[in-house]
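Each remark here refers to the structure printed beneath this line.
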Amino acid sequence: MQSQLSNAVRFLAAPPMVLAEQQSAQSIPNSAYTGVTLDTPIYDNYQGFNNPADLAVYQVASGAAGIYLLTGRVALATSSTTAFLGALYSVNGTNIGHGDGVTSQPGISYLTPTVYDLVRLNASDIVRLATYQSTGAAINTFIGLSCPSLTLRWVATQAGTAGLSPPNPRTWALNDASTALMFNTEIRDAVRFLSYPPYCRAVQGTIQSIPNNTFTTFTNIAPGLDNYSAWSGSTWTCPVSGTYLCTAAAGIGSANVQMGLKTVISSVSNTYFGTSLQGPAGNGHAGMAKTLRLSAGDTIQPGLTQNSGAAANTVVAIASTRFCALWMSA
Amino acid sequence: MTLAPPAPYNWTAGYDPQPADLNTYIRDTFKFLSNKMVFRAWQSSVQSIANATVAPLHLDTIVEDTYSGWTGSPSWIWKPPYDGWYQVSGAYMSAGVTSIQMNCCLGVNGVWTYQESAQGSSLTGPGVSCLQEVFLRASTDYVQVGGIQYSGAAQNTYSAGLNHASYTEILWVSK
């Protein structure tokens with residue numbers, strides 16, 4: 001009971017997680033992917049920020065491998081109206097996921113592009129929040145009302161038992177016989193489901209032409225993570241009823257982009273919109289995060305609208321165009 | 001029924017668990033972990049957002065608030081029932097911000113620490129979303145999602161129904 005129940009619950013109720021911020025401004029060079037230093041760990045229950053010689057490094061601790069939800073934001077001090085200002089992250093030196101790519105505005109002192117993603121991490125993997133800016137000169141990060149930060153939260157194991165239902169705990173009575181079958185259902189299967197809930201990360205691998213001013217779902221998108229085999233073609237089908245965090249991101253060769261998640265819930269079609277932006281000419285990146293309560297069989301087709309005046313191509317480098325879903329609760 | 005976050009028992013050899021133990025340490029634990037406290041709301045009425053000032057979103061339509069943490073007008077805040085980490089997602093949609101920076105802001109106790117920026121576009125109802133885990137104390141803390149825009153004048157939020165409006169969603173994620 002100690003290892004199978006109490007220790008499992010201790011892990012699930014307080015999984016590996018880090019939130020670190022930057023409180024001393026950093027110079028970001030022009031046109032170079034640059035790791036963002038995070039000098040102030042706010043919470044780090046598995047001591048991943050343990051390299052004082054390189055404050056940009058988060059190293060996954062032994063025993064903490066898994067699927068992580070990553071949220072990174074890079075506040076930059078600039079008012080450039082033409083430069084690309086982006087947020088992304090790397091694992092072991094390889095750029096894995098791109099987030100927002102936006103421009104600033106005259107007279108405004110800062111802006112904060114952000115990246116969200118689900119990422120597979122092994123023990124000892126090194127994660128860095130990164131940024132890219134093309135103002136033509138070095139600029140500083142912004143520390144004030146906003147600041148750079150990185151959050152990583154363990155959300156699932158990399159391998160496990162799929163196809164289970166969320167726990168439906170029984171009420172124990174005085175004369176219940178505590179059999180192996182009952183413990184397998186009430187403890188083993190509950191832990192198995194909660195440590196390996198449905199998750200999906202699907203990434204576009206081939207450039208797609210998006211017509212002007214028409215909501216268009218992504219094509220040529222394939223899942224790298226999909227433990228319940230929920231992705232097919234351009235559609236994610238909810239495998240288990242519950243509350244899901246859904247995120248989408250897109251890179252698009254257009255100045256105006258609007259992210260959307262087209263959902264079919266009980267046969268009612270809704271297109272949920274998130275971030276819209278005017279990116280630098282020909283290179284906008286947008287993202288969105290939305291929590292939805294879904295029934296098994298409901299579907300989502302991520303997509304976007306752009307109104308550059310003509311068709312525009314998506315960006316596929318650094319997994320710029322992607323969709324993620326994560327079961328959070330019944 | 002609302003439950004507290006689990007506090008696992010330290011089992012010892014020879015202890016014979018009673019039904020009350022099993023209900024506390026198995027039933028209630030997995031009920032809590034699989035039915036997390038959830039708050040979801042969106043804005044159906046238009047709200048004027050002043051220039052260059054963060055304004056908390058006036059969420060007038062509550063979809064669900066399983067632990068009754070929400071206080072509406074004039075506070076527009078969500079308070080946690082228990083200490084812990086909460087995942088907050090939200091979006092600020094504007095009716096009039098085009099080609100100007102707009103941020104979705106996430107604030108704890110009135111301090112808008114976490115922001116995401118976009119430059120408003122000429123598409124209808126441009127918006128910007130945000131996502132962040134924050135630690136909240138039950139007795140003292142509250143969280144809000146807000147918006148700020150720099151158009152030089154007040155701008156209304158945009159609401160075209162559930163699917164295209166400002167929103168906030170909160171879930172418990174960790175002790």
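In what follows, chains are A, B, ... by sequence order, proteins preceding strands, each numbered from 1. This is a predicted model, so every value here is computed, not measured.
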By a 4.5 Å heavy-atom criterion (distance strictly below it), what part of Thr291(A) contacts chain B: side chain, backbone, both, or neither?
both
State which residues pass side chain to side chain donor-acceptor pair (under 3.5 Å) with Asn109(B); sequence neighbours excluded, sorted by chain then number.
Asp141(B)
Examine whether an atom of Leu174(A) lies under 4.5 Å from a heavy atom of chain B, and if so say whether it belongs to the side chain, the backbone or both; otherwise answer neither.
both
Should Leu131(B) and Met288(A) count as side-chain neighbours, where that means a heavy-atom distance under 4.5 Å?
no
Within the distance-only criterion (no hydrogens, no angle test), does the side chain of Ser117(B) pair as donor or acceptor with the backbone N or O of Leu111(A) below 3.5 angstrom?
no
Part of Asn10(B) within contact of chain A (heavy atom distance under 4.5 Å):
both
d(Leu22(B) CG, Ile187(A) CD1) to nearest 0.5 Å is 7.5 Å
With a 4.5 angstrom heavy-atom cut-off, could you sort out which part of Thr12(B) is near chain A: side chain, backbone, both or neither?
neither
Using a cut-off of under 4.5 Å for heavy-atom pairs, which of Asn7(A), Asn45(A), Thr71(A) has the most such pairs with chain B?
Thr71(A)
Have Glu21(A) and Tyr114(B) got a donor and an acceptor in their side chains that come within less than 3.5 Å?
yes
Residues Gln101(B) and Tyr110(A): side-chain donor-acceptor under 3.5 angstrom:
no
Write out all pairs satisfying salt bridge (Lys or Arg N to Asp or Glu O under 4.0 Å) with one or both partners inside residues 156-173 of chain B, taking only residues at least two apart or from two chains.
Lys290(A)-Glu169(B)
Non-hydrogen atoms of Ala289(A) and Tyr167(B) that approach each other most closely
O-OH, 2.6 Å
Per-residue tally against chain B (heavy atom, under 4.5 Å) across Ala13(A), Ala87(A), Ala75(A), Pro15(A) peaks at Ala13(A)
Side chain, backbone, both or neither: which part of Leu171(B) has an atom under 4.5 Å from a heavy atom of chain A?
side chain
The reported gap from CD1 in Ile26(B) to CZ in Phe183(A) (rounded to nearest 0.5 angstrom) is 5.0 Å
If you tally heavy-atom pairs under 4.5 Å against chain B, which of Gly99(A), Pro169(A), Cys147(A) wins?
Pro169(A)
Exercise: do Thr171(A) and Arg27(B) side chains pair donor with acceptor under 3.5 Å
yes
Do side-chain atoms of Thr112(A) reach the backbone of Glu116(B) as a donor and acceptor pair under 3.5 angstrom?
no
Closest non-hydrogen contact found for Arg293(A) with Glu64(B) is NH2-OE1, 2.7 Å
Non-hydrogen atoms of chain B under 4.5 Å away: do they reach the side chain of Ser149(A), the backbone, both or neither?
side chain
Nearest non-hydrogen partners of Arg73(A) and Gln115(B), listed with the distance:
NE-O, 3.1 Å
Drop me the distance from Leu106(B)'s CG to Ser146(A)'s OG, to the nearest 0.5 angstrom.
11.0 Å
Please flag which part of Leu150(A) lies under 4.5 Å from any non-hydrogen atom of chain B: side chain, backbone, both or neither.
neither
Of all of Met17(A), Arg170(A), Arg153(A), which one pairs up most often with chain B through heavy atoms under 4.5 Å apart?
Arg153(A)
Hey, is CD on Gln4(A) packed in by over 12 heavy atoms from elsewhere, all under 6.0 Å?
no
Measure Tyr15(B) against the heavy atoms of chain A and call it side chain, backbone, both or neither at under 4.5 Å.
neither
Of all residues at least two apart in sequence or in a different chain, which pass the ring pair (Phe, Tyr, Trp, His ring centres under 6.0 Å) check with Phe32(B)?
Trp172(B)
Measure the spacing between CD of Glu133(B) and CG of Leu19(A) and express it to the nearest 0.5 Å.
8.0 Å
Contact winner vs chain A - Pro19(B), Cys105(B), Pro5(B), heavy-atom pairs under 4.5 Å:
Pro19(B)
Below 4.5 Å from any heavy atom of chain A, which atoms of Met93(B) appear? Answer side chain, backbone, both or neither.
side chain
Quick one: of Leu12(A), Asp176(A), Leu245(A), who has the most non-hydrogen atom pairs under 4.5 Å with chain B?
Leu245(A)
Leu145(A), Asn168(A), Thr151(A), Val9(A): which one forms the most heavy-atom pairs within less than 4.5 Å of chain B?
Leu145(A)
Check whether any side-chain heavy atom of Leu69(A) lies under 4.5 Å from a side-chain heavy atom of Val173(B), and answer yes or no.
no
Using only non-hydrogen atoms and a strict under-4.5 angstrom cutoff, which residues of residues 75-92 of chain B touch chain A?
Trp85(B), Gln87(B), Ser89(B)
Find out whether Leu5(A) and Phe30(B) are in side-chain contact, i.e. whether some heavy atom of one side chain is under 4.5 Å from a heavy atom of the other.
yes
Gap between atom CH2 of Trp11(B) and atom OG of Ser6(A) - 0.5 Å precision
6.5 Å
dist Trp327(A):CH2 -> Ser34(B):OG (nearest 0.5 Å) comes out at 5.5 Å
Looking at Lys31(B), Gln18(B), Arg40(B), which one has more heavy-atom pairs under 4.5 Å with chain A than the rest?
Arg40(B)
Against chain A, work out which of Leu33(B), Val38(B), Val63(B) has the most heavy-atom pairs shorter than 4.5 Å and name it.
Leu33(B)
Answer whether the closest heavy-atom distance between the side chains of Arg10(A) and Lys175(B) falls below 4.5 Å.
no
Contacting region of Asn103(B) [heavy-atom separation from chain A under 4.5 Å]:
side chain
I want to check something: taking the side chain as every heavy atom from C-beta on, are Cys130(B) and Thr114(A) in contact at a cut-off of under 4.5 Å?
no
Side chain from CB out, backbone as N, CA, C, O: work out which of these in Val191(A) comes under 4.5 Å of a heavy atom of chain B, or both, or neither.
both
